[in-house]
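Below is one structure; the comments refer to it alone.
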Amino acid sequence: MLMHKVHALSQDLVQPFQLESSALRGRLVRLGPALDLILHQHAYPPAVGGLLAEAMVIACALGTALKYEGVFTFQAKGDGPVRLLVADVTSEGGLRAYAQMQEEYDFAGAAPDTELLGKGSLAFTVDQSAKDDRYQGIVTLEGGSLAEAVQHYFRQSEQLPTGIIAAVRQDAQGRWRGGCLMLQQMPREGGIGHTSDTSTEDDWYRAMMLMGTCSMEELTDTMLMPNDILYRLFHEEGVRIYDPQAFRHECRCSETRVTEMLRALPRTEIEALAVDGLVTVTCAFCNKTYRFDEEQRDKLYTKDE
């Protein structure tokens, strides 16, 4: 078994691995400071924060399982009190997220599950930065949790056996912590399901049973190393550990981007947004505010007039 030690304080990471005894690959995600920073940029109720946190750990697991140069976006949209969840991760490990909700809804005592989203859809999008390629998969939102909805997506759209569990919590100091464990069946010669040998199916069910013994506390315990979790779960399967990838909070908004967005709109529309002489634009992801006074707005349109 090949093991790569990770520093005990490294929390924002994904640990790729493979089970040697079967054609299964996996990802173990652990989020701490980056998750906490993103959620504390907004005053989300705990139920909404928990739902968005689950979206983030799942996005990290799914995004790092793909080969791309650009941005992977996880989006859940519904007609419930939580209208939208968006979490995206770049191929370089930059992470950001936000939620849209009904401000008048009373979230006190609500559970962080998909009932808050109501009826809707789940979408995965890959935007390649160096190409015009854009892939998007969409399915109806099914299941009581986002992890269950993801498994439904793979059953319906990819025909790729996928098992995924996720856990999020706030510790005694109010800090958010999250974890996600994902297993996928890798195609064998002839493709998935091509062989009549029942060993592949047996391997899959055994791995799912082992994964099911992973507790929510283990996934979010900052004192428990990711490698130790994987060894406890899968040591009899021969777990091979690969180099981990780090995550960090990274919003891609900037004054330049906001300026370009405003310049693309008719000036009359921009001026209609002014309050006390200022046009204010707030980033949905990081909550940073950009303000433009009348003089700055004049400069926006100097080249056009």
Side-chain angles (χ1 to χ4, degrees), residues 12 14 29 31-45 48-49 51-60 62-64 66 68-77 82-101 103 123-136 176 178 245-267 269-304:
D12 296 319
V14 58
V29 171
L31 291 182
L35 178 67
D36 189 60
L37 175 59
I38 291 171
L39 291 178
H40 277 104
Q41 288 174 333
H42 305 270
Y44 294 131
V48 179
L51 202 56
L52 185 59
E54 185 182 3
M56 280 189 272
V57 294
I58 291 175
C60 289
L62 295 174
T64 55
L66 302 172
Y68 68 99
E69 293 293 332
V71 181
F72 172 83
T73 302
F74 176 101
Q75 178 178 296
K77 187 176 183 180
V82 176
R83 299 296 193 186
L84 181 68
L85 299 171
V86 179
D88 71 36
V89 57
T90 70
S91 49
E92 300 301 318
L95 178 64
R96 63 179 188 171
Y98 76 95
Q100 289 182 358
M101 60 185 183
E103 298 294 339
F124 303 150
T125 306
V126 177
D127 285 300
Q128 298 269 31
S129 56
K131 305 177 182 178
D132 292 331
D133 293 346
R134 188 173 191 267
Y135 168 81
Q136 185 174 67
W176 285 95
Q245 176 183 338
F247 296 112
R248 66 190 181 282
H249 168 247
E250 181 181 76
C251 189
R252 298 186 297 279
C253 74
S254 67
E255 186 170 350
T256 298
R257 289 193 173 192
V258 174
T259 298
E260 291 174 351
M261 178 193 71
L262 293 178
R263 292 191 73 249
L265 297 173
R267 184 165 187 173
E269 291 186 17
I270 300 302
E271 294 304 319
L273 300 175
V275 177
D276 296 330
L278 291 176
V279 170
T280 302
V281 178
T282 302
C283 176
F285 283 98
C286 69
N287 223 22
K288 183 176 181 178
T289 297
Y290 299 88
R291 295 181 175 84
F292 297 82
D293 59 25
E294 186 174 354
E295 182 179 352
Q296 290 172 311
R297 297 198 300 276
D298 282 340
K299 293 179 180 179
L300 291 179
Y301 298 94
T302 299
K303 296 181 180 180
D304 296 335

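Computed from a prediction, not measured in an experiment: that's the story for all the values here.
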Separation between CE (Met101) and CG (Leu52), nearest 0.5 Å, reads 10.5 Å

Heavy atoms of Leu31 and Cys60 approach each other most closely as CD1-SG, 4.1 Å

side-chain contact (heavy atoms from CB on, under 4.5 Å) filter on Ser91, not counting sequence neighbours, yields Tyr68, Glu69

Residues at least two apart in sequence or cross-chain that pass ring pair (Phe, Tyr, Trp, His ring centres under 6.0 Å) with His249, listed by chain then number, are none

Close side-chain approach of Thr256 to Glu260, heavy-atom, < 4.5 Å: yes

Sorted by chain and residue number, the side-chain contact (heavy atoms from CB on, under 4.5 Å) partners of Thr259 (sequence neighbours excluded) come out as Glu255, Arg263, Phe292, Leu300

One should read off an interatomic distance between Phe74 CZ and Thr125 OG1, to the nearest 0.5 angstrom, of 11.0 Å

Between Val89 and Ala59, the two heavy atoms sitting closest are CG1-O, 3.7 Å

When every non-hydrogen atom of Gln136 is compared with those of Ala123, the smallest separation belongs to NE2-CB, 4.3 Å

Is the shortest heavy-atom distance from the side chain of Met56 to the side chain of Leu39 under 4.5 Å? yes

Those residues at least two apart in sequence (or on a different chain) that pass side-chain hydrogen bond (donor to acceptor under 3.5 Å, both in side chains) with Thr282 are Thr289

With sequence neighbours left out, the residues meeting side-chain contact (heavy atoms from CB on, under 4.5 Å) with Ala284 are Tyr98

By ring pair (Phe, Tyr, Trp, His ring centres under 6.0 Å), Phe247 pairs with (sequence neighbours left out) none

Contacts satisfying salt bridge (Lys or Arg N to Asp or Glu O under 4.0 Å) that involve residues 272-291 (not counting sequence neighbours) are none

side-chain contact (heavy atoms from CB on, under 4.5 Å) evaluation trace for Met261 with Val281:
CA-CA 10 Å; Met261 178 193 71; Val281 178; 4.0 Å; yes

Closest non-hydrogen contact found for Ile38 with Ala97 is CG2-O, 3.8 Å

Applied to residues 33-42, the salt bridge (Lys or Arg N to Asp or Glu O under 4.0 Å) test, sequence neighbours excluded, yields none

In this structure, NZ of Lys299 is separated from CG of Asp293 (nearest 0.5 Å) by 8.5 Å

Residues passing the side-chain hydrogen bond (donor to acceptor under 3.5 Å, both in side chains) test with Gln296, sequence neighbours excluded, are none

**Request:** Return yes if some donor-acceptor pair links the side-chain N/O of Asp12 with the main-chain N/O of Gly32 below 3.5 Å, else return no.
**Result:** yes

Residue set satisfying side-chain contact (heavy atoms from CB on, under 4.5 Å) with Arg252, at least two apart, ordered chain then number -> Val71, Asp88, Thr90, Arg96, Arg257

Heavy-atom closest pair (Tyr44 atom, Gly49 atom, distance to 0.1 Å) is CB-N, 4.0 Å

Rounding to 0.5 Å, atoms CG (Leu62) and OG1 (Thr73) come to a distance of 12.0 Å

By side-chain hydrogen bond (donor to acceptor under 3.5 Å, both in side chains), Glu294 pairs with (sequence neighbours left out) none

Shortest non-hydrogen pair, Cys251 vs Phe285, comes out as SG-CB, 3.8 Å

d(Lys77 NZ, Arg83 CZ) to nearest 0.5 Å is 10.5 Å

Residues passing the side-chain hydrogen bond (donor to acceptor under 3.5 Å, both in side chains) test with Arg297, sequence neighbours excluded, are Glu271

- Message: Quick check: do Arg267 and Asp298 have side-chain heavy atoms less than 4.5 Å from each other?
- Response: yes

Query raised in the report: Is Glu269 atom CD crowded by more than 12 heavy atoms from other residues, nucleotides or ligands, each under 6.0 Å away?
Result: yes

